[in-house]
Amino acid sequence: MTLQDLNRILDGIKGVGHCYGFFPENQEVPYIAYSSTNDHPIYSDGVRIFNEESVTLNLVTRYRDIAAEDYIDRMFRQCGVQFSKTFEVDPEQKIHTATYQFTL
């Protein structure tokens, strides 16, 4: 899977905006923001032959969105992506964030 493949997968979540990095303006909840946090290329004879890219994806909603999480979980499993998921609630901003960490 590539970042372009991930973007196409996220297109399947209706009503949830998504972008790589940060939205240029304040984004209404719900939304997904994802970014590459590390890049681990493997070279052979000076030629890049393989690349592992660590990615963090944040699903930000008002309340826990089980349907959106299930969709992301299912798509990752179908693509063979191993991931970890954590949750955070911000009572001041009244948002719930599901954070996925995985390697492409």
Side-chain angles (χ1 to χ4, degrees):
M1 178 190 298
T2 64
L3 287 174
Q4 291 83 8
D5 296 332
L6 176 60
N7 192 55
R8 282 191 293 277
I9 287 170
L10 297 177
D11 284 340
I13 305 175
K14 302 301 179 205
V16 179
H18 61 88
C19 78
Y20 181 85
F22 299 98
F23 284 93
E25 302 172 355
N26 285 339
Q27 181 67 17
E28 290 295 318
V29 175
Y31 66 87
I32 294 173
Y34 61 98
S35 62
S36 175
T37 53
N38 287 311
D39 189 23
H40 303 285
I42 297 173
Y43 292 89
S44 176
D45 297 328
V47 177
R48 188 182 207 163
I49 60 169
F50 185 75
N51 189 56
E52 282 189 347
E53 199 163 8
S54 299
V55 178
T56 300
L57 180 147
N58 292 310
L59 168 63
V60 181
T61 56
R62 289 284 172 213
Y63 304 97
R64 187 167 181 196
D65 188 339
I66 300 296
E69 287 180 35
D70 284 346
Y71 177 83
I72 294 169
D73 294 357
R74 189 173 57 255
M75 291 299 105
F76 283 172
R77 283 192 301 274
Q78 286 178 359
C79 294
V81 173
Q82 296 180 6
F83 61 92
S84 64
K85 182 169 54 170
T86 58
F87 304 100
E88 184 178 339
V89 175
D90 184 340
E92 271 187 34
Q93 294 185 25
K94 298 180 182 171
I95 59 172
H96 180 276
T97 304
T99 300
Y100 291 82
Q101 294 183 321
F102 53 96
T103 302
L104 298 178

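Side chains are part of it too, since the values below use all heavy atoms of this structure and drop only hydrogens, waters and symmetry mates. Quick caveat: nothing in here was measured; it's all calculated off a predicted structure.
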If you count heavy atoms of other groups shown closer than 6.0 angstrom to [atom1] of [X], is the number above 12?
X: Q82; atom1: CD; value: no
X: Y20; atom1: OH; value: yes
X: F87; atom1: CZ; value: yes

Subject >> Over all atoms of both residues, closest heavy-atom pair of G17 and Q27 >> reply: CA-NE2, 4.3 Å

**OP:** Search all heavy atoms of M1 against all heavy atoms of L104 and return the closest pair with its distance.
**Re:** O-CB, 3.5 Å

Subject >> Beyond-backbone contact of I72 with K85, side-chain heavy atoms, under 4.5 angstrom >> reply: no

Subject >> Pairwise side-chain contact, T97 with D90, heavy-atom cut-off 4.5 Å (strictly under) >> reply: no

**OP:** Report yes or no: do I66 and Y71 belong to one cluster of Ile/Leu/Val/Met/Phe/Trp/Tyr joined by side chain heavy-atom distances under 4.5 Å?
**Re:** no

**OP:** Establish whether L3 and L10 are linked, either directly or via other cluster members, by ILVMFWY side-chain heavy-atom contacts under 4.5 Å.
**Re:** yes

**OP:** With side-chain hydrogen bond (donor to acceptor under 3.5 Å, both in side chains) as the test, would you mind laying out the steps for T103 and E52 before giving the verdict?
**Re:** CA-CA 6 Å; T103 302; E52 282 189 347; 5.7 Å; no

Subject >> Q93/V29 under side-chain contact (heavy atoms from CB on, under 4.5 Å): CA gap, chis, key distance, verdict >> reply: CA-CA 11 Å; Q93 294 185 25; V29 175; over 6 Å; no

Supply the atom-to-atom distance [X] [atom1] to [Y] [atom2], rounded to the nearest 0.5 angstrom.
X: L57; Y: I32; atom1: CG; atom2: CD1; value: 5.5 Å
X: M75; Y: D70; atom1: CE; atom2: CG; value: 11.0 Å
X: L59; Y: D65; atom1: CG; atom2: CG; value: 6.0 Å
X: N26; Y: Y31; atom1: CG; atom2: OH; value: 8.5 Å
X: D39; Y: E53; atom1: CG; atom2: CD; value: 5.0 Å

**OP:** Apply side-chain contact (heavy atoms from CB on, under 4.5 Å) to the pair F102 and L6, showing each step before the final yes or no.
**Re:** CA-CA 11 Å; F102 53 96; L6 176 60; 3.9 Å; yes

Original post:
Do any pairs count as a side chain to side chain donor-acceptor pair (under 3.5 Å) and have a residue in residues 2-19, sequence neighbours left out, and if so which ones?
Top reply: T2-Q4, T2-D5, D5-R8, N7-H18, N7-Y34, D11-H18

**OP:** Output every pair passing salt bridge (Lys or Arg N to Asp or Glu O under 4.0 Å) with a member in residues 18-34, not counting sequence neighbours, ordered by first then second residue.
**Re:** none

Original post:
What pairs with R74 under salt bridge (charged side-chain N to carboxylate O under 4.0 Å, His left out), at least two apart in sequence or on another chain?
Top reply: none

Subject >> Under 3.5 Å donor-acceptor, R62 side chain and P30 backbone >> reply: no

Original post:
So, does T99 use its side chain to make a donor-acceptor pair with the main chain of T86 at under 3.5 Å?
Top reply: no

Original post:
Which word best sums up how the rings of Y100 and F76 line up, parallel for under 30°, tilted for 30 to 60°, or perpendicular for over 60°?
Top reply: perpendicular

